[in-house]
Amino acid sequence: MSVTDDIKARIDIVSYVQRYVPSLKKSGRNYKACCPFHNEKTPSFIVNPERGTWRCFGACAEGGDIFSFAQKVNGWDFKEALRELAQQAGVQLRVQTPQQKDEDARLERLRGMLTTAADYYHRRLQQPDAQPIRDYIVAERGLQDEAVSGFQLGYAPPGWDFMLKALRGLGYSDEETIAGGLAAQSDSGRVFDRFRNRLMIPIHDPRGRVVGFGGRALDPADPIKYINSPQTPLFDKSRLLFGLHSARRAIRDSGRAIIVEGYFDVIQAHQAGQHNVVAQMGTSMTEAQLRLLAPRLAKRIVLALDTDEAGINATRRSLEVARGLLERDYAGRLSVDMRILQVPAGKDPDDFLRESPSEWEALLESAQSVAEFVIELEAARLRPDSSLLDKQALAQSILPILLASENDLLRQENIQTLARRLRIRESELLAWAEAIAPASSPDPLVPPDLPPDYLGLDYAAPPPDAAPPEPDKRARHSSLRAAEGHCLSLLLRNPHLLAQVNRKLRELAGDDPSLQSGPLRELGADDFSSSRYRALMTHLQESLQQDDLEHLDFLAQEIAPELHDDLAALLREDHVALSQSLRGNFHVDLSDILKNRRPAQQPNRDLLNELISRALQLRQERLTNERVDVQYMQEEAQTEAGMDRQLDDRLAIQVKLSALAKARIDMAVG
């Protein structure tokens, strides 16, 4: 039995979900409640204890097992969910080497030191001689006591050894204080406090642990207004978003993240009740920061950076980063709607929220699309007498951003907007765009035309008194797990083919948006029943959104150690090893597999057909399970008094869409 299976066996999914959804009640063979992830009046969220799964049949249209629920409700990634659930279940994760244990202990000690330092700075702010600092916080920053304590603002007094003395008294060495970024060492060997006479702002990682500090100068003559902790084993500003630990739930619930420039923009926003605001760490957003938000937490990201020249330049750089990431989003997972918010009258968000907090929501709704912002910003540089060559140069500089979408209608609209703004023919722009855009390879698989019968297909549920067939569940489960493993193995060895699989699903969906966003949406972790395969699929998609590492090197670095055997088995091309891994008795050294891997060959049509066939097989199984769950809900709804007609209609539509999708898949596979 694998670690994930052991955890599932020890933790009852119903009891776990009820911790977060107290209203979950038994309804027939399932449990039902209003979905915790969106507002609804009629329950559409069900938990199936027999399969150990949950699903929302309302606005979310999401589901999975106990791991995916823990990830979604807490905003965790798989490693965090695995660690937390294993601890609750009393399951021992992979035994660490002595070196790993020593390193983990060292990092944990540094975290404890930083947490202690944050407490020391915060308590120092309460001392009588810090009254001028408290006055500054109230008068100049407009912050109340609740915000000060919530973000644990503190004070580093003047002097060279306030924190050094405090930490030495607790048994921390100077080497540890330097390693944690709280102290520095001069060329002569003298150790001294890094932060002096500054308002201290603790910086947390996404799990809420203090990993560093930002220090705001209190002396107007100080030439450096802000200093941050240096790069440390715990602090990497390119991979952090200030305030995310407090904003995570609000971002997930609203599906929208607001990125601002400064610490006090975030604190002021949270004080005003706008809890989905975070700040980028640095002069522009990074890919790692964007991936902290999309797609797991947010579907819309609003850049609300300062409107001065530095802020505009930061926005430009952030958009360029986002464009590069979106262009490499081969799996189509991000699908993020990015907007640009320009605070009026040259104010920053901190000023605006203090003066007009009630107008913040309306201001957010007025945020421009990236295309509108870029066209307006760049076209403003043109002179009235600009030549065609000037316009061409400008168009070619911004077309990559305008074309960074797979939505043909949106791309066309962006080109039309730019053509009108530059007063040139649309055909000219299209020619320039074609010269910039990489040639797309044609899909060798064209879906067959569907007969008219399928377009009005109704799903006929079996009669209530019909005895369902009793297949060999164990054999069926083993067969499904093998199919999942084979499909994931092909994707791991040929990751670029995921785009072809997703293209196939889009073609099967045709122009029907309900199919595109519903039963024929792109292949993802939800298509796998195994928690381990779901996690590997998620990491595979993440690996395709970065270009710092080869995708397999990225996987080896990012996945939980408990998944190494699964990854190694899936990378082995012989089916014997794969089948052994599925039974949980396969152990290899992942580094050997990666070291000896052969370069991926150009796939032939048979391989592509095989992969698409396997992927469609998984989707068929998923649709079958979903239709069974919907059927149960329909049967239960019909026996309940005061049945909600809208829910019943919605379920009927889902059944029809599912049956239509399955029919199209059957035609394609057949």
Side-chain angles (χ1 to χ4, degrees), residues 44 46 48 51 53 55-58 60-64 332 443-464 466 468-469 471 476-477 479-480 483-484 486-487 490-491 497-529 605-606 608-635 637-638 647-670:
S44 64
I46 69 167
N48 185 318
R51 290 205 303 266
T53 60
R55 182 157 296 281
C56 172
F57 290 96
C60 293
E62 293 188 48
D443 187 354
L445 289 177
V446 180
D449 293 332
L450 295 173
D453 296 346
Y454 281 119
L455 300 180
L457 185 66
D458 283 315
Y459 173 69
R476 188 167 183 270
H477 177 76
S479 174
L480 175 61
E484 290 182 357
H486 187 43
C487 181
L490 291 174
L491 285 172
L497 292 186
L498 180 58
Q500 298 285 356
V501 174
N502 288 335
R503 179 178 295 178
K504 181 66 177 180
L505 288 166
R506 287 193 297 273
E507 288 179 346
L508 291 176
D511 297 329
D512 189 333
S514 298
L515 289 175
Q516 293 169 1
S517 61
L520 289 176
R521 58 185 176 272
E522 296 181 339
L523 192 74
D526 287 348
D527 288 292
F528 296 83
S529 62
R605 175 168 175 161
D606 289 341
L608 179 58
N609 287 344
E610 169 71 7
L611 175 57
I612 290 177
S613 177
R614 292 295 183 182
L616 294 182
Q617 179 185 351
L618 300 190
R619 182 58 57 88
Q620 285 175 316
E621 180 70 20
R622 171 177 164 180
L623 293 178
T624 298
N625 288 335
E626 289 180 0
R627 280 206 312 280
V628 170
D629 287 338
V630 171
Q631 180 190 342
Y632 290 153
M633 286 196 70
Q634 287 178 312
E635 292 174 356
Q638 290 167 5
L647 173 61
D648 192 51
D649 291 343
R650 194 163 66 237
L651 293 175
I653 291 172
Q654 288 190 25
V655 168
K656 183 173 291 189
L657 284 173
S658 179
L660 176 57
K662 185 176 184 303
R664 295 190 179 191
I665 291 174
D666 289 344
M667 287 289 294
V669 173

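Keep in mind the model is a prediction, meaning the values are calculated, not measured.
The structure places CD1 of Ile612 at 11.5 Å from CG of Leu490, a figure rounded to the nearest 0.5 Å. Here the straight-line distance linking atom CG of Asn502 with atom CG of Leu520 works out to 11.5 Å at 0.5 Å rounding. The distance from atom CD1 of Ile653 to atom OG of Ser658, rounded to the nearest 0.5 Å, is 13.5 Å. Atom-to-atom distance recorded for Cys487:SG and Arg619:CZ is 10.5 Å, nearest 0.5 angstrom. Atoms CG and OG, on Asn625 and Ser529 in that order, are 8.5 Å from each other to the nearest 0.5 Å. Once rounded to the nearest 0.5 Å, the distance linking CD of Glu522 with NZ of Lys504 reads 14.5 Å.
Residues Leu508 and Met667 have side chains not in contact (no heavy-atom distance under 4.5 Å, counting atoms from C-beta outward).
What you find for Ala483 and Gln617 is that their closest heavy atoms are CB-NE2, 3.6 Å. Considering all non-hydrogen atoms of both residues, Gly63 and Asp526 come closest at O-OD1, 3.5 Å. Residue Ser514 comes nearest to Asp512 through the heavy atom pair N-OD1, 2.9 Å, listed as atom of the first residue, atom of the second, then distance. Across all their heavy atoms, Ala509 and Gln516 have their closest contact at CB-CG, 3.7 Å.
Distance alone, capped at 3.5 Å, places no donor-acceptor pair between the Glu62 side chain and the Arg55 backbone. A distance-only check finds no donor-acceptor pair linking the side chain of Gln620 to the backbone of Ile665 [under 3.5 Å].
With sequence neighbours excluded, the residues forming a salt bridge (charged side-chain N to carboxylate O under 4.0 Å, His left out) with Arg622 are Asp527, Glu626, listed by chain and number.
With respect to Leu616, the side chain to side chain contact (heavy atoms under 4.5 Å, CB included) criterion is satisfied by exactly one of Leu505, Leu523, Leu611: Leu505.
Taking 4.0 Å as the cut-off between side-chain N and carboxylate O, Glu507 and Arg503 do not count as a salt-bridged pair.
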